[in-house]
Amino acid sequence: MSDITQEFDVVVVGAGVSGLYALHHFREHGFRVHVIEAGDGVGGTWYWNRYPGARCDVPSMEYSYGFSPELEQEWEWTEVFPAQDELERYFNHVADRFDLRRDIELGTRVTAATYDDERRRWVVDTDHDDRYSAQFLVMATGCLSAPLVPQIPGRESFEGISLYTNAWPADPPDLTGKRVGLIGTGSSGVQATPELARDAAELFVFQRTPSYAWPAGNKPLDPDLQQKVKSQYRELRAGQRANYGGVVGTSGAIAVPLPRDVAILEATPEERFAAVDELGWAACRAWSDVLRDTEANELGAELYREMIRRVIEDPDTAEGLSPRDLPIGCKRPILHTDYYETFNLDHVHLVDLRRGGIEEITPTGIRTAQGEFELDVIVFATGFDAMTGALDRIDIRGRDGLRLRDAWSDGARMLLGVQTVGFPNLFTVTGPGSPSVLANMITGAEQHVEWIGALVQYMQEHGYATVEPTRAAQDAWVEEVNRVATGTMYTAPSCNSWYLGDNIPGKARVFLPYVGGLDTYIEHCDRVAAAGYEGFAFS
Ligand code: N01
């Protein structure tokens with residue numbers, strides 16, 4: 001191996017939500033920490049995904065760090081659901097406030113990480129030809145950070161402007177008066193649609209699978225409410241960790257209320273449609289059985305489609321936007337502002353690809369089986385190689401040269417989403433097998449970083465140099481992750497999603513996040529720690 005440029009205690013990969021806190025936390029505990037970040041700025045998701053309309057679906061007062069009461073008090077949020085620019089400012093403020101920048105290397109990509117068994121340290125290579133060594137490697141690489149570029153024939157032949165929601169330029173081109181095509185109607189495409197429609201002369205939304213999306217009800221944050229929440233932050237933070245999704249529901253911001261204690265299978269058609277009159281978009285989920293039973297789910301979906309028919313003026317467009325053959329709850333609910341209403345504008349057109357798919361991208365637009373669309377701009381909102389993609393793209397080699405990619409060829413296997421067998425002292429924050437994308441990411445990331453920090457401290461106290469899971473404990477946790485996912489709509493046969501790796505050709509179909517709830521997950525973690533990190537082997 002060539003020469004090591006610098007030695008650290010901890011190398012952290014990524015300066016997003018998790019990486020920033022990992023740096024702060026480990027540094028506070030006396031470690032020499034170095035963070036490597038591919039972007040030219042901090043904030044991770046909120047640095048890259050700066051497409052128009054990008055907004056968080058967790059209330060701002062909850063989608064914020066809880067580790068510093070001073071930070072909580074001094075930062076002023078402006079909206080119930082924070083937009084990308086506000087979040088980017090927040091993470092930059094955190095970086096300055098806690099003097100984090102001096103240990104962050106921006107604009108640098110980690111290319112490889114190799115475990116040196118003799119020295120019991122990780123060797124980390126970057127695309128700047130640096131080679132660092134560290135006892136601990138923390139992969140704070142994010143769950144949705146490896147962009148998926150769709151393999152549509154002719155993509156590179158397009159002579160207009162190609163834009164990607166997950167790598168939106170800081171200085172974007174003016175779309176005023178342009179003919180814009182948007183491919184993808186997941187969260188990113190749904191959020192971007194109304195904003196793109198604002199500027200474009202014509203907007204064509206190419207939809208392969210319609211989404212289930214609910215109005216966010218976003219609004220300016222009431223200053224009195226902000227003060228009230230600030231006075232109760234300790235209880236709020238405790239409540240988040242004792243909550244299934246890590247969201248207590250401040251600011252009146254519950255767009256998708258919890259179900260009532262009534263089964264839709266027992267309701268008459270009149271009662272079902274009366275719920276639409278009363279609850280609008282929330283009606284479809286307002287029943288105790290909709291997320292548990294596929295027949296009930298289909299009745300709920302019909303109420304959702306009824307809302308589409310009520311909002312969308314053109315019946316053909318309404319039918320095109322209507323999800324069929326996939327259950328409500330197959331993915332985390334999408335929150336939007338005016339998505340459906342946008343399709344009532346004369347210059348906005350749905351291209352329902354179920355009626356004829358994309359055949360190729362040409363120099364002048366998109367050719368589908370339904371005809372050709374002349375475009376000046378194509379926006380790709382086509383998603384990510386989720387959960388494992390960012391790790392896969394680094395050549396990670398553990399004990400005996402084992403490649404992480406090979407170890408996970410049949411699906412990611414981790415203990416509690418923090419460690420995997422064969423990769424000592426390598427930790428992931430919100431990795432596969434943790435609640436991650438199914439809960440408040442900041443709450444989850446803080447809990448993970450603190451739990452990993454306590455584990456490392458335990459090692460120091462006991463004179464251990466390395467830690468990794470036992471195979472038996474890892475297998476048992478993977479089984480538990482599968483057990484709680486079975487029977488949910490997330491794993492219904494008709495649900496194809498990135499949670500299962502379905503969007504990546506050849507990726508093993510394995511449900512990646514832990515769906516048992518952040519609260520239950522934290523109980524598991526606490527139990528393991530209290531039992532001397534049961535299931536982890538030290539040397
Ligand atoms: O990506 P996606 P995303 N031809 O994978 C379509 C989080 N997030 O960036 O469904 C045509 O969900 C694809 O079609 P299909 C959130 O967790 C949160 O939107 O595969 N279409 C789909 O419609 C979310 O789940 C927020 O049939 C193609 C779309 O592209 C996750 O990020 C905001 C195609 C991809 O949807 C990912 O969301 C944004 C092709 N070749 C993101 N390839 C918040 O609100 C793909 N598609 C917090």
Side-chain angles (χ1 to χ4, degrees), residues 17 44-46 48-60 62-63 81-84 87 142-155 164-168 181-193 195 204-216 218 245 247 255-256 321 323-326 330-337 339 350-354 356-361 366-369 378-387 389 430 435-442 490 494-505 507 512-513:
V17 168
T45 283
W46 303 109
W48 294 104
N49 293 270
R50 54 181 72 242
Y51 59 86
R55 186 178 293 285
C56 185
D57 60 357
V58 173
S60 52
E62 302 203 44
Y63 192 81
F81 292 105
Q84 176 274 332
L87 285 165
C143 298
L144 294 155
S145 55
L148 170 62
V149 179
Q151 299 308 305
I152 301 174
R155 185 177 52 82
Y164 295 82
T165 52
N166 48 33
W168 200 262
L182 167 69
I183 302 179
T185 51
S187 305
S188 305
V190 165
Q191 286 189 328
T193 294
E195 297 294 324
F204 297 88
V205 179
F206 294 84
Q207 168 204 266
R208 196 163 63 180
T209 308
S211 288
Y212 290 103
W214 284 262
N218 184 42
V247 183
V256 187
L321 288 165
R324 297 202 181 267
D325 304 325
L326 82 156
C330 157
K331 301 171 192 168
R332 173 168 163 154
I334 297 175
L335 300 192
H336 70 88
T337 302
Y339 175 62
L350 177 73
V351 185
D352 179 5
L353 297 173
R354 293 175 299 182
I358 294 177
E359 290 177 341
E360 67 168 336
I361 293 178
I366 296 177
R367 194 159 60 75
T368 73
I378 299 178
V379 175
F380 294 88
T382 43
F384 303 86
D385 184 354
M387 307 289 290
T430 63
S436 54
V437 290
L438 298 179
N440 182 339
M441 287 300 296
I442 300 198
Y490 287 109
S494 57
C495 177
N496 293 315
S497 73
W498 56 257
Y499 300 86
L500 287 154
D502 288 320
N503 62 337
I504 306 295
K507 191 166 175 175
L512 292 164

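We count ligands from 1, going down the list as the structure has it; atoms in each ligand are counted the same way. Nothing fancy with the numbering, it's 1 onward along the sequence. Scope of the values below: all heavy atoms of this structure, side chains included, with no hydrogens, waters or symmetry mates.
- Judged purely by atom type and a 3.5 angstrom limit, R332 uses its side chain to pair as donor or acceptor with the backbone of V437.
- A donor-acceptor pair is defined here as one N or O able to donate and one able to accept, closer than 3.5 Å; no such pair exists between the side chain of D385 and the backbone of A146.
- Side-chain atoms of S211 do not come within 3.5 Å of backbone N or O of A213 as any donor-acceptor pair.
- Side-chain N or O atoms of S187 include none that pairs as donor or acceptor with a backbone N or O of L335 at under 3.5 Å.
- To the nearest 0.5 Å, atom CG of residue L500 and atom CE of residue M387 are 11.0 Å apart.
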Give one line per pair: atom of ligand 1, protein atom, distance. Only N/O to N/O under 3.5 Å.
residue  : atom   : partner : partner atom : Å
ligand 1 : 9 (O)  : S188    : OG           : 2.6
ligand 1 : 10 (O) : T209    : OG1          : 3.4
ligand 1 : 19 (O) : S187    : N            : 3.0
ligand 1 : 19 (O) : S188    : N            : 2.8
ligand 1 : 19 (O) : S188    : OG           : 3.3
ligand 1 : 20 (O) : R208    : NH2          : 2.9
ligand 1 : 23 (O) : T185    : N            : 2.9
ligand 1 : 23 (O) : G186    : N            : 3.4
ligand 1 : 25 (O) : W498    : NE1          : 3.0
ligand 1 : 27 (O) : R208    : NE           : 2.9
ligand 1 : 27 (O) : T209    : OG1          : 2.5
ligand 1 : 30 (O) : A381    : O            : 3.3
ligand 1 : 45 (O) : R55     : O            : 3.3
ligand 1 : 45 (O) : Q191    : NE2          : 3.1

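- Within the 4.5 Å cutoff, the side chain of W48 has no heavy atoms near those of the N166 side chain.
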